[in-house]
Amino acid sequence: MKIPLEFYRRSNPVEIARELIGKYLFTQIDGVLTGGRIVETEAYAHINDQACHSHLGRYTARTKVMYEPGGVAYTYLIYGRYVLFNIITNEAGKADAVLIRGLEPTDGIPEMLLRRGLSTVQRNLTAGPGLLTQALGITTAHYGTDLTADLIWMEDRSETVAFEDIIASPRVGIDYAGEDVSLPWRFRLKGSKWVSPAR
DNA sequence: CAGAAGATCTTCT
DNA sequence: GAAGATCTTCTGT
């Protein structure tokens with residue numbers, strides 16, 4: 001079933017990031033269903049986290065949507081080439097987020113191959129935050145999309161993931177974040193080949 | 001297989 | 001004007 005708003009509006013993004021491992025992310029864009037199982041996430045918190053775009057209450061055109069109540073999409077362009085997809089969590093004004101970094105493709109694989117310009121299913125189809133958005137057709141136009149509607153949403157398919165099968169480690173690409181680089185807020189499904197290659 | 005470098009453009013200072 | 005929650009390609013071993 002589709003994940004309800006209450007799931008996103010809880011106060012601890014780290015817990016939400018961990019619980020999203022094993023859940024499913026889908027898009028239905030141009031009438032085509034694509035999606036897969038989430039195998040890698042990262043948490044970003046509005047307090048005590050220098051890596052978070054909303055750190056210290058920073059409020060700009062880009063971060064504006066982070067201050068909405070949990071359950072909407074935060075998409076943005078990184079390095080001039082890739083779109084990253086986050087879900088906003090917590091209540092209004094508490095700008096937390098979870099970045100989706102890795103997906104095991106399950107639905108709409110032919111369409112995902114087309115969007116990625118690949119002819120065979122391989123790891124770089126959806127293993128990586130900038131790749132899975134391409135495969136799912138997510139763009140910066142989806143900034144603020146309601147995650148309980150029928151364009152982009154997540155599902156709980158009652159697949160339990162054992163706690164010990166989820167690896168926690170430091171987040172990627174945030175060297176600017178001072179001591180917060182070492183927070184173990186990246187979560188990966190143990191043994192999955194669909195986690196991002198980044199260390 | 002590892003490491004380096006290049007691509008490319010929005011956002012914030 | 002600089003840097004960035006990335007990925008691909010190219011080089012050398």
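Keep in mind the model is a prediction, meaning the values are calculated, not measured. Each chain gets a letter, A, B and so on, in the order the sequences are listed, and its residues count up from 1. Side chains are part of it too, since the values below use all heavy atoms of this structure and drop only hydrogens, waters and symmetry mates.
Put simply, CG on Leu99(A) is 14 Å from C1' on dG4(C), counting in whole angstrom units. Separating the CG atom of Leu125(A) from the P atom of dC7(C) is a distance of 13 Å, rounded to the nearest angstrom. The distance between atom CD1 of Ile78(A) and atom C1' of dC12(B), rounded to the nearest whole Å, is 13 Å. Computed from coordinates, the Asp96(A) CG to dA5(C) P distance equals 17 Å when rounded to whole Å. The interatomic distance linking Tyr79(A) (OH) with dA5(C) (C1') rounds to 7 Å, in whole Å. Between the OH atom of Tyr176(A) and the C1' atom of dT6(C) there is a distance of 13 Å, rounded to whole Å.
Remark: dT13(B) base-pairs with no nucleotide; criterion is Watson-Crick or G-U wobble with both hydrogen-bond distances under 3.5 Å. Across all strands shown, dT8(B) forms no Watson-Crick or G-U wobble pair with both distances under 3.5 Å.
Contact check on Arg101(A) versus Glu42(A) returns a salt bridge, with a Lys/Arg side-chain nitrogen under 4.0 Å from an Asp/Glu carboxylate oxygen. We find that Lys2(A) and Asp150(A) are joined by a salt bridge, their nearest charged nitrogen and carboxylate oxygen being less than 4.0 Å apart.
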*asked:* Between Tyr143(A) and Tyr76(A), does the ring-ring contact (aromatic ring centres under 6.0 Å, His included) criterion hold? Intermediate values first, please.
replied: CA-CA 7 Å; Tyr143(A) 184 85; Tyr76(A) 69 96; 9.4 Å; no

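The residue Gly80(A) sits close to a base: some heavy atom pair falls under 4.0 Å.
Between the side chains of Glu159(A) and Tyr24(A), a donor-acceptor pair is found at a separation under 3.5 Å.
Taking every heavy atom of residues 42-68 of chain A and every atom of DNA chain C, pairs under 4.0 Å involve Tyr44(A), Ala51(A), His53(A), by number.
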Taking distance alone, no hydrogens or angles, what donor-acceptor pairs closer than 3.5 Å link side-chain atoms of residues 30-39 of chain A to residues at least two apart or in another chain?
from	atom 1	to	atom 2	distance (Å)
Thr34(A)	OG1	Thr27(A)	OG1	2.8
Thr34(A)	OG1	Arg115(A)	NH1	3.3
Arg37(A)	NE	Glu104(A)	OE1	3.3
Arg37(A)	NH2	Glu104(A)	OE1	2.9

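By the 30° and 60° cut-offs, the orientation of the rings of Trp153(A) relative to Phe26(A) is tilted.
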*Nucleic acid footprint by protein, nucleotides 8-13 of chain C - heavy-atom cut-off 4.0 Å, B for base, S for sugar-phosphate alone*: S-----

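Figure legend: cation-pi geometry between Arg171(A) and Phe187(A) absent, as NZ or CZ is not positioned both under 6.0 Å from the six-membered ring centre and within 45° of its axis. The cationic group of Arg10(A) lies under 6.0 Å from the six-membered ring centre of Phe7(A) and within 45° of the ring axis, placing it in a cation-pi geometry.
Residues Glu155(A) and Met1(A) fail the side-chain proximity criterion, which asks for heavy atoms closer than 4.5 Å.
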